[in-house]
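Excluded from the calculations below are hydrogen atoms, water molecules and symmetry mates; all remaining heavy atoms, backbone and side chain alike, are included. Only a predicted model underlies this, so the values are computations on that prediction, with no experimental measurement involved.
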Protein chains: 2
Amino acid sequence: MRRDSRLSRMLHVLIHMDRHYKRATSETISKMLGTNAVVVRRTMAGLRDFGYVRSEQGHGGGWELARGLDQITLLDIYEAIGKPPLFAIGPSVDQPECLVEQAVDAKLGDALKEAEALLLERFRTVTIADIAADFDRRMPEGRCNIHGDIHAEQSASG
Amino acid sequence: MRRDSRLSRMLHVLIHMDRHYKRATSETISKMLGTNAVVVRRTMAGLRDFGYVRSEQGHGGGWELARGLDQITLLDIYEAIGKPPLFAIGPSVDQPECLVEQAVDAKLGDALKEAEALLLERFRTVTIADIAADFDRRMPEGRCNIHGDIHAEQSASG
DNA sequence: CCAACTGTAACAAGATAGGTTACGTGTCTT
DNA sequence: AAGACACGTAACCTATCTTGTTACAGTTGG
């Protein structure tokens, strides 16, 4: 395993969903992410449980946003995917008896906690709409260069 | 594997070495860390290459500090063990074609870079002597509660 | 009923730190 | 010179976690 990419993937897909003219199926989303439909359902399940997206079963079903992108922060999504560990480094044991080791882990833990606080503060203050706005500045027509097939077809087909 | 504990372990062992009255063998150190002598040699090899410790082969050999703990920062050790990844989260692919994905990764990357800069700044300004001082405040006699057997026996044995 | 979806369980794959065994080499003691 | 002691390193296995994949059950609409 390399690095947990669920947060990145979910942000990516939520922006696409916002520009999609109808519900997106897991299959469609999986092709967009270059992965498998089961992986999509698995990861999006958390977002559904937190009320950021809705899923409909059966014929014509799929996924849709349950609120605007300006109402969802990166922190929301981070929590919805289960707050996976942020850091790849850490102490060797959880509660060392050795007081030297305790001192090391305390100092190291302080630095990690500071960095984590900063990171989560950034996550808290950035909405997905902010990221979408960054994209719109680069692509004023609001159409993705790659996944254009599922984007903003409202005027053409609906 | 859970989290990379090499940094924590190396800091731990360097403080013990500073209080040891003679060279410590990989075997001794491994018992202190609850691991294997090969793991110790493997990890300490980086510290040796950077000049923070020396190793002597053959009878009576082992490991010793090559400079004072106040001359080694956490950043030094982090670099000496090969700068392993700090974060457990990240983008799904390195250079996505999709511009939405690029916008997501850019925003996410900014937050991660800020947190990383803060963390490395802490690493840079904290010496191992600082951690040892924390320990000394708790254990004024300078003797570890667990690994006392290899500590500061100078007055008793030499 | 059937086709199109989601929901989930179960298991394999890939990556990486860590653990273990084995063996080579250097060095001190006798 | 022999032998014990200790590092250096390769090779292989294990554990853990995300991701990928297959299989199948349940739901919905024509």
Side-chain angles (χ1 to χ4, degrees), chain A residues 1-10 12-13 17 20 22-49 53-64 66 78 81-94, chain B residues 1-10 12-13 17 20 22-49 53-64 66 78 81-94:
Chain A
M1 196 54 346
R2 271 243 291 299
R3 292 196 291 189
D4 188 335
S5 62
R6 283 176 291 181
L7 177 57
S8 167
R9 279 180 155 176
M10 288 301 98
H12 178 191
V13 84
M17 284 170 68
H20 200 10
K22 60 176 182 183
R23 279 197 280 260
T25 67
S26 303
E27 189 63 30
T28 302
I29 295 173
S30 74
K31 287 190 177 116
M32 206 168 62
L33 295 178
T35 179
N36 185 289
V38 176
V39 174
V40 172
R41 292 189 200 111
R42 187 191 290 158
T43 313
M44 305 255 307
L47 277 64
R48 182 192 54 223
D49 295 344
V53 298
R54 275 187 295 267
S55 62
E56 297 291 341
Q57 290 188 320
H59 195 114
W63 300 85
E64 61 186 350
Y78 170 67
I81 60 175
K83 296 191 204 181
L86 292 173
F87 294 104
I89 65 174
S92 166
V93 292
D94 277 335
Chain B
M1 198 57 343
R2 270 245 290 299
R3 292 195 291 188
D4 188 336
S5 63
R6 282 176 290 181
L7 177 57
S8 167
R9 278 181 157 175
M10 288 300 98
H12 179 190
V13 82
M17 284 170 67
H20 200 11
K22 60 176 182 183
R23 278 197 279 259
T25 68
S26 303
E27 189 64 30
T28 302
I29 294 172
S30 73
K31 287 191 176 115
M32 205 167 62
L33 295 178
T35 179
N36 186 288
V38 176
V39 174
V40 171
R41 291 189 199 112
R42 187 190 289 159
T43 313
M44 304 254 308
L47 277 63
R48 181 192 55 222
D49 295 344
V53 298
R54 276 187 294 268
S55 62
E56 297 290 340
Q57 290 188 319
H59 196 115
W63 300 86
E64 62 186 349
Y78 170 67
I81 60 175
K83 296 192 203 181
L86 292 173
F87 295 104
I89 66 174
S92 166
V93 291
D94 277 335

> Roughly how far apart are B:Ser92 OG and A:Leu33 CG, rounded to 0.5 Å?
Replying inline: 7.0 Å

> Using a cut-off of less than 4.0 Å, is there contact between a side-chain N or O of B:Ser26 and OP1 or OP2 of D:dC7?
Replying inline: yes

> Atom CD1 of B:Ile29 and atom P of D:dA6: how far apart are they, to the nearest Å?
Replying inline: 12 Å

> Going through the checks in order, is the side-chain hydrogen bond (donor to acceptor under 3.5 Å, both in side chains) test met by B:Thr28 and B:Thr25?
Replying inline: CA-CA 5 Å; B:Thr28 302; B:Thr25 68; 2.9 Å; yes

> Looking only at heavy atoms, what is the nearest atom pair of B:Val53 and B:Met17, with distance?
Replying inline: CG1-CE, 4.0 Å

> Would you say D:dT18 has OP1 or OP2 under 4.0 Å from some side-chain N or O of A:Arg6?
Replying inline: yes

>> Rounding to an integer number of Å, can you tell me how far A:Ile81 CD1 sits from D:dC17 P?
In response: 15 Å

>> On the nucleotide D:dG20, are OP1 or OP2 found under 4.0 Å from the side-chain N or O atoms that A:Thr35 carries?
In response: yes

>> Classify B:Arg48 by what it touches in the nucleic acid, base, sugar-phosphate, or nothing, heavy-atom distance under 4.0 Å.
In response: sugar-phosphate

> Tell me: CE of A:Met44 to P of C:dT8, nearest whole Å?
Replying inline: 14 Å

>> So, OP1 or OP2 of C:dT6: does either fall under 4.0 Å of a side-chain N or O from A:Thr25?
In response: no

>> Please give me the minimum heavy-atom distance between A:Asp4 and A:Pro84, naming the atom from each residue.
In response: OD2-CB, 3.3 Å

>> If the condition is side chain to side chain donor-acceptor pair (under 3.5 Å), which residues does A:Ser26 pass it with, not counting sequence neighbours?
In response: A:Arg41, A:Trp63

> Please give, in whole Å, the distance from D:dT19 P to A:Leu7 CG?
Replying inline: 11 Å

>> How many whole angstroms separate atom CZ of A:Arg42 from atom P of C:dA10?
In response: 13 Å

> Of B:Pro84 and B:Ala37, whose closest DNA chain C nucleotide lies nearer the 5' terminus?
Replying inline: B:Pro84

>> D:dG8, OP1 or OP2 - any side-chain N/O from B:Ser55 closer than 4.0 Å?
In response: yes

>> Need one value for A:Arg54: base, sugar-phosphate or nothing, where a base atom within 4.0 Å counts as base even if backbone is also close, heavy atoms only.
In response: nothing

> Atom CZ of A:Arg23 to atom C1' of C:dT6: distance rounded to whole Å?
Replying inline: 12 Å

> To the nearest 0.5 Å, what is the distance between CE (A:Met32) and OG (A:Ser30)?
Replying inline: 9.0 Å

> At what angle, to 10 degrees, do the two end axes of the helix from C:dC1-D:dG30 to C:dT30-D:dA1 meet, given five pairs define each axis?
Replying inline: 10°

>> Does the protein touch nucleotides 22-30 of chain D at the base, only the backbone, or not at all? Give it as B, S and - per nucleotide, heavy atoms under 4.0 Å.
In response: BB---BBS-

>> Let me confirm one number: the OH-NZ distance from B:Tyr78 to B:Lys83, rounded to the nearest 0.5 Å.
In response: 7.5 Å

>> Counting only side-chain heavy atoms from C-beta out, which of C:dG7, D:dG20, C:dG18 sits nearest to A:Val39?
In response: D:dG20

>> Which residue in the set B:His20, B:Lys22, B:Arg54 passes side-chain contact (heavy atoms from CB on, under 4.5 Å) when paired with B:Glu64?
In response: B:Arg54

> Roughly how far apart are A:Met10 CE and A:Ile81 CD1, rounded to 0.5 Å?
Replying inline: 8.0 Å

>> If I take atom CZ in residue B:Arg3 and atom C1' in nucleotide D:dT18, what distance separates them, rounded to the nearest angstrom?
In response: 17 Å

>> If I take atom CG in residue A:Leu47 and atom P in nucleotide C:dG7, what distance separates them, rounded to the nearest angstrom?
In response: 12 Å

>> As an exercise, state the distance from OG of B:Ser55 to CZ of B:Arg23, rounded to the nearest 0.5 Å.
In response: 9.5 Å

